[in-house]
Number of protein chains: 2
Amino acid sequence: MKVKEVADLVGISVRTLHHYDEIGLLKPEQTSEAGYRLYSDHNLEMLQQILFFKELGFPLKKIKEIINRPCFDREEALKFQRKTLVEKRAHIDKMISTIDKTIEHMKGSIEMTNKEKFEGFDFSHNPYEQEARERWGDEAVDKSNAKLASMTKEEQKVMQEEMNALYRSLAALRHTSPESDEAQAAIKKWYTVLNSNFGIHYSLEAFKGLGQMYVDDERFTKSIDQFGVGLAKFMRDAMAYYADNNK
Amino acid sequence: MKVKEVADLVGISVRTLHHYDEIGLLKPEQTSEAGYRLYSDHNLEMLQQILFFKELGFPLKKIKEIINRPCFDREEALKFQRKTLVEKRAHIDKMISTIDKTIEHMKGSIEMTNKEKFEGFDFSHNPYEQEARERWGDEAVDKSNAKLASMTKEEQKVMQEEMNALYRSLAALRHTSPESDEAQAAIKKWYTVLNSNFGIHYSLEAFKGLGQMYVDDERFTKSIDQFGVGLAKFMRDAMAYYADNNK
DNA sequence: TGTTGACCCTCACGTTACGTAATGCCTTAA
DNA sequence: TTAAGGCATTACGTAACGTGAGGGTCAACA
């Protein structure tokens, strides 16, 4: 599909699609010989995701990060969006009742505190931040993604392979004790790799926290357990032990 | 109340209040000796209005125009906002059902057209424009308000008085024929005053349309009929006759 | 085959609604 | 009286496009 068709279909402007292309948020799968942008069905699905997130108040930069995460799961995203929309609806209901109260108040039939006059507005200018940062935006993940983006495809591939190798060797140990020398050696390497590959230095506490996240956050669990069911839990335990014993 | 108190109460930033002051959208009723902004309860009510309109997607410039309109009626505004919020809720419901469908679709249990994938998004990047322009944004009103804003208080007062005088003399005639020489003379003056006082020239057709608006748009009707019940209708008829007979 | 007219491209500057310092004056509690 | 916290102004920064300008592309129609 050409730009205008897409734009008309979803009700956004051509310029918007150009913009999304510019910032690398949605690049058309093909371009014709003449340089025309040609969008595929898969592009449309991504666009749907983008618009949903946008509706929820996410800035484009964050949306880009989210949908580019290796562990991005469309169904989970959709469920999250659904949930947030439901909350938003409740929010609107609150505003409606605030309006009703205000009208009553104007007619003098009821009293109203200043605080009540603004109920429904208390999304302190970051509508998405509350739960979103928990679920979709860990600082570390953000930074590592940024780092990832700055690497060439080749570098990314090399790094990915290095990390996969580590995952595999850890997976092999996952039914042994996370406190064994072998496991701890592997986890130490894991710690070193994380610290050297991404632009950040994990404190031991943060490292421990990260391990906890591996089991708390389904998305991580899912992508880690690909290397062996139970790996995420094993890593959490090993990481916690490592952190506690190297202070 | 000082800025930060207000900001905290309604959940917006201090900068936002500064901004609203800068652009003349919400000027604090008082300023302390030291130059501190001091907001009154009335300011808070206005702020509530502003935030409601903002929630509905109105640009600040438009909001400023709306709440500065001489015929601005808070209760009517609140009812409009309520109605629009209800629509917005329906909109969200549509998006939720789109998400549900998409999830079903992913699982392969149902088919889905490209169009269906974007239902709920079709607010062609001007959520408010549709009905809003009808109800809140006549081009002429906009322009005249802009003109009004550029006038000094004194000039405004003089002009207002001139127009009121005309309203009164028209009101006196409202039970006679709108086609009489007297009525037509008064209407001619009305036409001249409108054309000279505001930055625009009404064509005869537009003038006729304006008359129609006086009865179609409650807000106009209300503020006009203050000078005498039925004046709006009388003016519409007189204006139509004037327009038709001076081509 | 030539010529519209609708669509496409890439600059590139404009706009809205604030964010984010920097710098310096109030004010109030310790 | 001094340190902390709030306030003011000035001014540059940012996000997400809007809005032309200048110039190819492509299918249809004369």
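Order of the sequence lines sets the chain letters (A, B, ...), proteins ahead of strands, with each chain counted from 1. Just so it is clear, the values below take in all heavy atoms, side chains as well, and ignore hydrogens, waters and symmetry mates.
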By side chain to side chain donor-acceptor pair (under 3.5 Å), R74(A) pairs with (sequence neighbours left out) E45(A), Q48(A)
K4(A) meets the salt bridge (charged side-chain N to carboxylate O under 4.0 Å, His left out) criterion, sequence neighbours left out, with D8(A)
Counting any heavy atom closer than 4.0 Å, what does V3(B) reach on the DNA or RNA strands: base, sugar-phosphate only, or nothing?
-> sugar-phosphate
Hits for side-chain contact (heavy atoms from CB on, under 4.5 Å) against K61(B), two or more places apart or cross-chain, chain-then-number order -> none
Give each protein N/O atom lying under 3.5 Å from an N/O atom of nucleotides 15-17 of chain C, with the pair distance.
{"residue": "dA17(C)", "atom": "OP1", "partner": "L60(B)", "partner atom": "N", "Å": "2.8"}

D100(A) meets the salt bridge (charged side-chain N to carboxylate O under 4.0 Å, His left out) criterion, sequence neighbours left out, with R82(B)
Sorted by chain and residue number, the side-chain contact (heavy atoms from CB on, under 4.5 Å) partners of I103(A) (sequence neighbours excluded) come out as I99(A), K107(A), E75(B), L78(B), K79(B)
The salt bridge (charged side-chain N to carboxylate O under 4.0 Å, His left out) partners of K27(A) (sequence neighbours excluded) come to D21(A)
Hits for side-chain contact (heavy atoms from CB on, under 4.5 Å) against S97(A), two or more places apart or cross-chain, chain-then-number order -> none
Computed from five pairs at either end and rounded to 10 degrees, the angle between the axes of the helix from dT1(C)-dA30(D) to dA30(C)-dT1(D) is 10°
Is the backbone N or O of K2(A) less than 3.5 Å from a side-chain atom of E5(A), with the two atoms forming a donor-acceptor pair by type?
yes
With sequence neighbours left out, the residues meeting salt bridge (charged side-chain N to carboxylate O under 4.0 Å, His left out) with E33(B) are none
Residues at least two apart in sequence or cross-chain that pass side-chain contact (heavy atoms from CB on, under 4.5 Å) with E104(A), listed by chain then number, are S109(A), I110(A)
Within residues 30-43 of chain A, those residues having any heavy atom closer than 4.0 Å to DNA chain C are G35(A), Y36(A), R37(A)
